[in-house]
Amino acid sequence: MEWISYLPSLGRGALVTASITLAAIALGGAAAFVAGIARVEGGRIVATLALCYTELFRGTSLLVQLFWFYYALPLVGISFEPVTTGIVVLALHVGAYGSEIVRGALASVAQQQHEAARALNFGRMQTLLHITLPQALVEMMPAFGNLAIETLKLSSLVSLISIADLTFRAQSIRNLTLDSTTVYTLTLLGYFLMSLVLMGLMRLLERLVRRGAAFPRAAHS
Amino acid sequence: MTQTAPAPIIAFDRVTKRFGALTVLDDFNFTVAPGEKVTLIGPSGSGKSTVLRILMTLEPFQEGTLTLAGMSYQQPNGTGPFKAGERHLRQIRSHVGMVFQSFNLFPHMSVMRNVVEAPVRVLGLSRAEAECRAVDLLALVGLADKKDHFPAQLSGGQQQRVAIARALAMRPRVLLFDEPTSALDPQLVGEVLSVIRSLAHEHDLTMLLVTHEMRFAREVSDRVCFFDKGRICEQGAPDQIFTNPQQPRTREFLASVLG
């Protein structure tokens, strides 16, 4: 029954993984909306800046991004706590993917909806907030669900900038005990359980969004 | 006692509109008196809908001038495709409403919210006041009992009637109908036409209607304009156009649609 003795340490790591993931999802979600909306609604300069951000963070490796922010940035005098670096970089990375989800969903709202809004004299911001975004939000949710799970899995890379997350703890225990099979099986289970919870949370969120935007299928009498 | 004609509420003066190489409106002149009910007929691609879309500021135009209630659509220092600022365009839009072929209701809002959203957000009415107004309008279009339904739960004819109530809620001086019954099943056309017919008695409301319903056009309009190739080929009182058209193109067109 060796494995029970691993649990406290793995548990603490899982807690770090969960916190980093949730923080990155929240922050990354915000980045996704800012960049995605800027792509669609911003002027040329704002849209180009948003595009640069998206392509830069989508087009490079997350691991190298973490190393760059953790090892290279301090050389020019800017340094953060490892956990801060981990959260911010992970958020920027998934935010770049998320911005494509936001942009795509906004672009998929029918042109006629924009025309109807204009005919009713809504301003641009009003059209976005009350007409197009609520409709796009429903379209975004399944893709955001995937991205949330992806964020959890990608978070394991922060172990490489010395953050004691679940993966980091697993490595440490394995190095001490050489009990690879048990340790990594438990680690996989840990990630899987967390992703189950995350999937449930995203489902719930999706249902809330759908309720708010209410596209009922069946007629009620 | 002489009576001078009132100043037109809409005046197109030598307007040219092009989509790329295609000229949709060609040196187009057209005026509408306040309260007038005008029907635009003609073959597809002749520019009828474009006239409405330009009036609603959904499309810019390249040459000529257009005024609505004395306001020009273009400003001297205007920028962008419309050659006017957004604020100016919104001022123009405040006088115009539009009913679309495909209804274009907001699918995520109930019937009631579809009707009150713009009065609340744009005109700044209180929700209670807007709802009070909406109840009357929904009664006018015969849908008072559907106020809590969503567009997806309504038939096409019902959706279009909500769209008419929604447009009226903004109290436009000019209401544009862009083929309002073309997307409807034949048995649903009548209910929409009867709502439009009731509006035709509104003395102050200026109405422009693009339609293929010739009998209806004849019945409700003060004037019928026959469009061909981006211009008005012939116009006049409905009885004259339908019984005694002067232009060969008008005769041809009417023969083809009336059968």
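Letters A, B, ... are given to chains in the order of the sequence lines, protein chains preceding strands, and every chain is numbered from 1.
- A/N121 places a side-chain N or O within donor-acceptor distance of the main-chain N or O of B/R90, the cut-off being under 3.5 Å.
- The number of heavy atoms from other shown groups lying within 6.0 Å of NZ (B/K37) is above 12.
- The two residues B/F100 and A/A116 make their nearest non-hydrogen contact at CE1-CA, 3.8 Å.
- In this structure a side-chain-to-backbone donor-acceptor pair under 3.5 Å is missing from A/H130 to B/A118.
- Sparse packing is recorded around CZ of A/F192, with 12 or fewer heavy atoms of other residues, nucleotides or ligands lying under 6.0 Å away.
- A donor-acceptor pair under 3.5 Å is formed between the side chain of A/Q113 and the backbone N or O of B/L105.
- The number of heavy-atom neighbours closer than 6.0 Å to CZ of A/R203, taken from other residues, nucleotides and ligands shown, is 12 or below.
- One finds the CG atom of B/N104 at 11.5 Å from the NE2 atom of A/H114 (value rounded to the nearest 0.5 Å).
- Contact of B/F106 with chain A is made through backbone and side chain together, with heavy-atom distances under 4.5 Å.
- The contact between B/S94 and chain A is made by backbone and side chain atoms together, counting heavy-atom distances below 4.5 Å.
- Of all heavy-atom pairs spanning A/E115 and B/R53, the tightest one is OE2-NH2, 2.7 Å.
- B/L22 CG: more than 12 foreign heavy atoms inside a 6.0 Å radius.
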_Between A/R118 and B/L89, does the side-chain contact (heavy atoms from CB on, under 4.5 Å) criterion hold? Intermediate values first, please._
CA-CA 10 Å; A/R118 200 184 289 187; B/L89 292 174; over 6 Å; no
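- Of the listed residues (B/R166, B/M98, B/M170), the greatest number of heavy-atom pairs within a distance under 4.5 Å of chain A belongs to B/R166.
- By the 6.0 Å contact criterion, CG on B/N77 is open, its count of non-hydrogen atoms from other residues, nucleotides or ligands being 12 or less.
- No more than 12 heavy atoms of other residues, nucleotides or ligands shown are found within 6.0 angstrom of CZ on B/R171.
- Scanning residues 120-139 of chain B against chain A with a 4.5 Å heavy-atom cutoff picks out B/R121, B/V122, ordered by number.
- A 4.5 Å side-chain heavy-atom check between B/M109 and A/I131 finds at least one atom pair inside the cut-off.
- Neither the backbone nor the side chain of B/S110 comes within less than 4.5 Å of any heavy atom of chain A.
- At most 12 non-hydrogen atoms from other residues, nucleotides or ligands lie less than 6.0 angstrom from CD of A/E81.
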